[in-house]
**Student:** 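Sharing a structure with you now.
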Amino acid sequence: MRILISGGGVGGLTLAYWLRRRGMEPVVLERSPNGRVGGYGIDFFGSGYDVATRMGIIDRLAARPLPVDSVDFLDAAGRPTARLSPALLDRIMRGPHLALMHTTLEEALLDAVRDDVEIRFGRSISEVRQSATAVDVTFDDGDHERFDLLVGADGIHSRTRDLVFGAEPAYARYLGVHLASYPVKDRYGWGRVRAHYTEPGRQAVVYPTGEPGQLVALLLFTTEDTRPVPRERRPAVLRDRFDGMGWITPSLLEEAPESFFMDVMAQIVMPAWHRGRVALVGDACGCMTMVSAQGVSMAMAGAYALAEELSRDGGHERAFPAYQARMLPEVARRQRNALVFARSLVPGTSAGVLAQRLLSKVIMRNAFAAVLRRQFGVDSVLPAEKE
């Protein structure tokens with residue numbers, strides 16, 4: 001079975017690996033000319049950790065963790081008002097977990113498939129036509145090709161979803177926040193800390209990447225605009241929204257490059273993840289946002305489940321609904337939980353910021369570990385492997 005995977009990120013590469021392992025012929029299409037560049041940190045545990053272990057790449061990932069020992073919530077003077085310690089994080093997770101740069105995971109996945117999976121960089125789809133026996137795809141360069149199935153693993157702004165299921169606004173649950181991320185020099189001797197500083201309507205976060213002298217700046221701000229900011233306008237928007245902010249924010253703004261990642265924060269909520277011979281995986285059908293801390297892990301779990309179902313008898317007519325039945329309830333539950341945190345992520349008022357600080361002081365205690373564990377749903381959705 002020949003399957004086109006639109007998107008060469010975490011979900012697409014994981015799917016390609018498992019399809020190939022199960023005797024199918026995946027072809028990966030990636031819009032970026034050199035593969036995706038995910039210059040930001042991710043939490044990695046539960047389902048994703050299990051999939052990576054079964055792929056044999058977990059030791060490679062564990063050798064390159066983010067050098068972060070605590071998550072500190074700061075006041076304007078840079079003093080911690082609350083702290084998530086390693087001991088508390090261990091109690092919440094109750095299992096193995098890593099903090100990684102997104103690129104660390106993508107590089108490991110790419111190396112796992114590059115020798116036996118065809119990957120076409122700098123390409124994307126422009127038209128999809130289905131018949132009873134195949135999917136006919138037109139690419140952005142005008143070429144045509146036929147595949148047995150098409151899987152959209154092309155992220156929150158999925159082109160596959162637009163072409164087959166309809167435009168993004170029908171499925172997007174916008175959370176009223178934009179986020180931007182880029183590397184900066186560590187001029188502060190920051191150490192092994194991820195730090196959060198919040199003012200009404202905006203938040204600045206920094207943490208070390210593991211590269212000597214380098215930090216990541218993550219900037220979040222509230223907005224009613226649901227459209228992504230055009231690349232050329234991003235520096236000006238960032239300066240405008242963070243003008244006058246305290247702490248080290250002015251220095252972070254000075255170091256903003258001309259081009260950097262910026263996007264809306266939104267969940268993708270769909271009643272059906274498949275149509276005919278086309279299915280979606282990862283953020284394309286179930287984006288949970290960074291608030292869930294599980295987007296990457298659940299994308300890998302979804303890819304694993306989809307490949308497993310396609311390897312069984314019954315064809316895609318049975319496999320696609322079975323995959324959705326396994327994964328959609330788990331994704332929906334995590335999306336609902338993430339909404340609780342999203343509402344207070346970037347408070348819009350001084351009173352809201354104060355309430356956030358007080359709540360952080362209360363909840364960052366061992367007594368609340370079980371509550372946080374249930375809220376985030378840290379357990380793996382994969383069944384245990386048979387011995």
Side-chain angles (χ1 to χ4, degrees), residues 1-5 7-30 32 34-68 89-90 93-121 151 153 155 209-211 281-283 293-312 319 323 326-327 330 378-387:
M1 185 183 295
R2 195 159 179 261
I3 302 173
L4 179 65
I5 303 171
V10 168
L13 295 175
T14 302
L15 178 62
Y17 176 91
W18 289 109
L19 289 176
R20 191 64 178 158
R21 284 287 298 270
R22 288 172 166 85
M24 287 165 269
E25 184 184 352
V27 176
V28 177
L29 201 69
E30 170 52 43
S32 171
N34 299 304
R36 297 186 184 182
V37 179
Y40 50 90
I42 59 172
D43 297 293
F44 197 63
F45 54 88
S47 305
Y49 198 102
D50 279 0
V51 175
T53 300
R54 297 180 189 188
M55 294 176 72
I57 63 172
I58 197 63
D59 289 343
R60 173 175 173 170
L61 300 178
R64 296 180 60 191
L66 287 177
V68 174
L89 186 59
D90 286 343
M93 295 299 178
R94 286 199 312 189
H97 54 89
L98 293 169
L100 302 169
M101 290 299 290
H102 202 278
T103 42
T104 300
L105 177 58
E106 288 185 329
E107 288 167 1
L109 290 171
L110 185 58
D111 284 347
V113 301
R114 70 166 74 247
D115 291 337
D116 58 0
V117 171
E118 181 182 356
I119 304 176
R120 304 176 186 177
F121 292 109
V151 178
T209 67
E211 295 293 328
V281 72
D283 283 356
Q294 295 195 61
V296 166
S297 287
M298 293 302 286
M300 293 182 73
Y304 180 92
L306 178 55
E308 187 173 59
E309 296 297 342
L310 284 169
S311 70
R312 295 171 176 165
Y323 147 70
R326 287 174 62 175
M327 294 303 303
E330 295 288 348
V378 302
D379 296 331
S380 176
V381 301
L382 271 64
E385 286 190 300
K386 298 180 181 179
E387 297 184 0

**Student:** For the pair R20 (side chain) and D116 (backbone), establish whether a donor and an acceptor sit closer than 3.5 Å, ignoring hydrogens and angles.
**Tutor:** yes

**Student:** Before you tell me yes or no, could you show the steps for F44 and I58 under side chain to side chain contact (heavy atoms under 4.5 Å, CB included), namely the whole-Å CA-CA distance, both residues' side-chain angles and the distance that decides it to 0.1 Å?
**Tutor:** CA-CA 11 Å; F44 197 63; I58 197 63; 4.1 Å; yes

**Student:** Could you check whether any side-chain heavy atom of I3 comes within less than 4.5 Å of a side-chain heavy atom of L310, counting everything from C-beta outward?
**Tutor:** yes

**Student:** Atom OG1 of T53 and atom CG of L382: how far apart are they, to the nearest 0.5 Å?
**Tutor:** 10.0 Å

**Student:** For residues M327 and L306, determine if any side-chain heavy atom of one lies less than 4.5 Å from a side-chain heavy atom of the other.
**Tutor:** no

**Student:** Would a distance-only check, ignoring hydrogens and angles, find a side-chain to backbone donor-acceptor pair under 3.5 Å from T14 to G11?
**Tutor:** no

**Student:** Do M1 and L19 have side chains that approach each other closer than 4.5 Å (heavy atoms only, starting at C-beta)?
**Tutor:** no

**Student:** Checking R312 against Y323: charged group under 6.0 Å from the ring centre and within 45 degrees of the axis?
**Tutor:** no

**Student:** Specify whether W18 and Y304 have parallel, tilted or perpendicular ring planes, treating 30° as the upper limit for parallel and 60° as the lower limit for perpendicular.
**Tutor:** perpendicular

**Student:** Kindly indicate whether the side chain of Y17, heavy atoms from C-beta on, has any atom under 4.5 Å from the side chain of L109.
**Tutor:** no

**Student:** Rounded to the nearest 0.5 Å, what separates atom CG in L66 from atom CG in L100?
**Tutor:** 6.5 Å

**Student:** Under 3.5 Å, side chain of S297 to main-chain N/O of F45, donor-acceptor pair present?
**Tutor:** yes

